[in-house]
2 protein chains.
Amino acid sequence: MNLRQLKYFVATAETAQVSRAASALSISQSSVTTAIRDLESSLGATLFLRTRSGMDLTDAGRELLASAYAILSKIDEAQNLRHRDTDASGKIRIAASYTVMGYFLPYHLDRLRRLHPNLDIELHELNRDSIEEGLLSGRFDVAVLLTSNITNPGLESETLLRSARRVWCASAHPFAQRRNITFDEIADEDYILLTVDEAANTAMKYWSAQTREPRVRLRTTSIEAVRSMVANGQGITILSDMVYRPWSLEGKRIATVMPGAQVPTMDIGLAWRRGAVFTPQMELIHAYFRQTFNSPYAS
Amino acid sequence: MNLRQLKYFVATAETAQVSRAASALSISQSSVTTAIRDLESSLGATLFLRTRSGMDLTDAGRELLASAYAILSKIDEAQNLRHRDTDASGKIRIAASYTVMGYFLPYHLDRLRRLHPNLDIELHELNRDSIEEGLLSGRFDVAVLLTSNITNPGLESETLLRSARRVWCASAHPFAQRRNITFDEIADEDYILLTVDEAANTAMKYWSAQTREPRVRLRTTSIEAVRSMVANGQGITILSDMVYRPWSLEGKRIATVMPGAQVPTMDIGLAWRRGAVFTPQMELIHAYFRQTFNSPYAS
DNA sequence: CACTGTTATCGGATTATCCGATAATACCGA
DNA sequence: TCGGTATTATCGGATAATCCGATAACAGTG
């Protein structure tokens, strides 16, 4: 994909004709046609329906159009980098749970350090209760945690990312060839239950909607242990894509399958004390996450 | 600017060395060097400080990096267009004030119509009081208006765009050559006061912080009239960039200058009844505006 | 003072892009 | 029925962008 192709695509979508788009862009019609053809083949989707009178956007095309608008406007914005004099120095105290700290934050902390080298990020790893208490008492400015389990009315939250939960099994397991696995089938297998953070609570929450219960063979707080057990065929589990890796530590492969019934997503987001006045540092963090996950998920 | 250049730039920023970036990208070092050189010249800014040990991001570079992350992740997102099955049909009732309807909405309505051809957008042009009342009574789903003047606690709002207010004058006026104009100087000139919507109220609000008052020569509800008067040198005014156009209807030129003292920005955004449950159609509208102005402005 | 690690620059090969002409298609009115 | 007039699609050759490898320039370091 290409910015050029994207521009030609937008012009065609807006004029509904390749030839009009070409003249609006002051280039030849064949270039536009080729660009759109290439774009379609690179995306593996038909973007327009070719009619006698021009080009009609398909649903896929409309979806791309929305993205294209966003991309091109961001490019525009990037092109005049005027110094927004946000104060990038100072300290911010961030709390996070174990899983978030290990599987979500490292990547973003790395980026944040590069983007704001003078911002002093103070990290605290704690369990949910301590995090919520710390936010309320003002020991932390903001927290990154599972937003779906927040019930404290004194906190405000914003979901950034939803990660689907899937069935994990060994690649040799018969489930690995299936497209769907029912809860009944899962209940017939040995189950590895992760007990770190709120994983066990959450699992029990959606299992309670079922008639049967998982046959728990092992409870562990180690995600690596879960991976090894599953990879070795000693049981299956249900965990979110965020902590999924295709390989166990010993190098054996793990497969994933969609569960048949609805399993809630794992929602990760920011939380802060309700009504808290954002410091410039909090604004930076908030703006960063909003920008990278500018998500249609409200909360 | 180019996606290729952007990718090379990000790789260089992350590895802090052209040569490491090149090997990470599996291309030659000279290509990366050239791409960054071209990117810098096209932006007119230095992105890195060249040191003996590699490349250090400048402030401008860090700013671009933030944009680049956003752009590339949007590209990623665009590349796998999976059908989000949001219901794009149905009706939404949007209220807007005169200025917003004339200068802000047309562009976006055009885009929304293309993105969601089955969404029936019902528009209502009203003054602020009627809009607020209509939101509360449920006659409108959402409104687009000046968010800075919202005081009704029954409404929730989100600012999308801040448009700076500047001094407008004829291009031949001595002010046009200046970089700053004090309020005292403005008070010595004839002033054209726009009275449409809340323009007059807002103007009076920031004038009241000054010792002097504007010498109002004309009050009008027509922005075109303001433009003509100003272009003909019959007075000056202060209005937001949103309604600024460089030419009057007769083709005479209008210049803008920054006011010396702080003039509040004109903030445009969405408003809805506090606690309202978003319909799928409202989600669409909200998501669209959030996406196109994914703004660091909270409210 | 040579050695090692940087980035910068140059010429030539390769690849992408563009254009104009032409083909293919389907509607539309005589 | 049959040209006429809109479309978009395709092809070959010209042009421009991009890439690579070699080499230069530079600054620490032992």
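Computed from a prediction, not measured in an experiment: that's the story for all the values here. We name chains A, B, ... by the order of the sequence lines, and we start the count at 1 in each one.
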Problem - Residue-phosphate contact under 4.0 Å: A:Ser31 side-chain N/O, C:dC19 OP1/OP2 - result: yes

Practice task
Check each of A:Leu47, A:Thr58, A:Val10, A:Ile71 against A:Leu64 using the side-chain contact (heavy atoms from CB on, under 4.5 Å) test, and report the only one that passes.
Solution key: A:Leu47

Exercise for the section: May I have the distance from A:Lys7 (atom NZ) to C:dT17 (atom C1'), rounded to whole angstrom? Expected result: 14 Å

Practice task
Establish, for the pair B:Arg253 and B:Trp247, whether the NZ or CZ atom is under 6.0 angstrom from the six-membered ring centre and no further than 45 degrees off its axis.
Solution key: yes

Practice task
Give, ordered by number, those residues of residues 39-56 of chain A having at least one heavy-atom distance below 4.0 Å to an atom of DNA chain C; if nothing qualifies, reply none.
Solution key: A:Arg52

Problem - A:Met1 CE to C:dT17 P, straight-line distance once rounded to whole Å - result: 14 Å

Handout entry: Side-chain N,O (A:Arg4) to OP1/OP2 (D:dA17) below 4.0 Å
Key = no

Problem - Short side-chain N/O contact to C:dT7 OP1/OP2 from B:Ser19, under 4.0 Å - result: yes

Problem - DNA chain C: 5'-proximal contact among B:Thr33 and A:Asp38 (nearest heavy atom) - result: B:Thr33

Problem - Basic-acidic side-chain contact under 4.0 Å: A:Arg50, A:Glu40 - result: yes

Practice task
Can you label the angle between the B:Tyr244 ring and the B:Trp168 ring as parallel, tilted or perpendicular, going by 30° and 60°?
Solution key: perpendicular

Practice task
Any chance you could lay out the salt bridge (charged side-chain N to carboxylate O under 4.0 Å, His left out) test for B:Glu63 and A:Arg114, step after step, and finish with the verdict?
Solution key: CA-CA 10 Å; B:Glu63 217 174 300; A:Arg114 238 191 302 282; over 6 Å; no

Handout entry: D:dA17 OP1/OP2 closer than 4.0 Å to side-chain N/O of B:Asn2
Key = no

Practice task
Rounded to the nearest angstrom, tell me the gap between atom CZ in B:Arg37 and atom P in D:dC19.
Solution key: 13 Å

Exercise for the section: Mind calculating the distance between OH (B:Tyr8) and P (D:dA17) to the nearest angstrom? Expected result: 16 Å

Exercise for the section: Check the angle between the aromatic planes of B:Phe278 and B:His286 and answer parallel, tilted or perpendicular using the 30° and 60° thresholds. Expected result: perpendicular

Exercise for the section: Give the rounded distance in Å between these two atoms: CD1 of B:Ile27 and C1' of D:dG21. Expected result: 14 Å

Practice task
Quick one: sort the A:His108 and A:Phe293 rings into parallel, tilted or perpendicular, breaks at 30° and 60°.
Solution key: tilted

Completion exercise
From CD of A:Gln17 across to P of D:dA6 the rounded distance in Å is 11 Å

Handout entry: Closest nucleotide among C:dT9, D:dC11, C:dA8 to the B:Gln29 side chain
Key = C:dA8

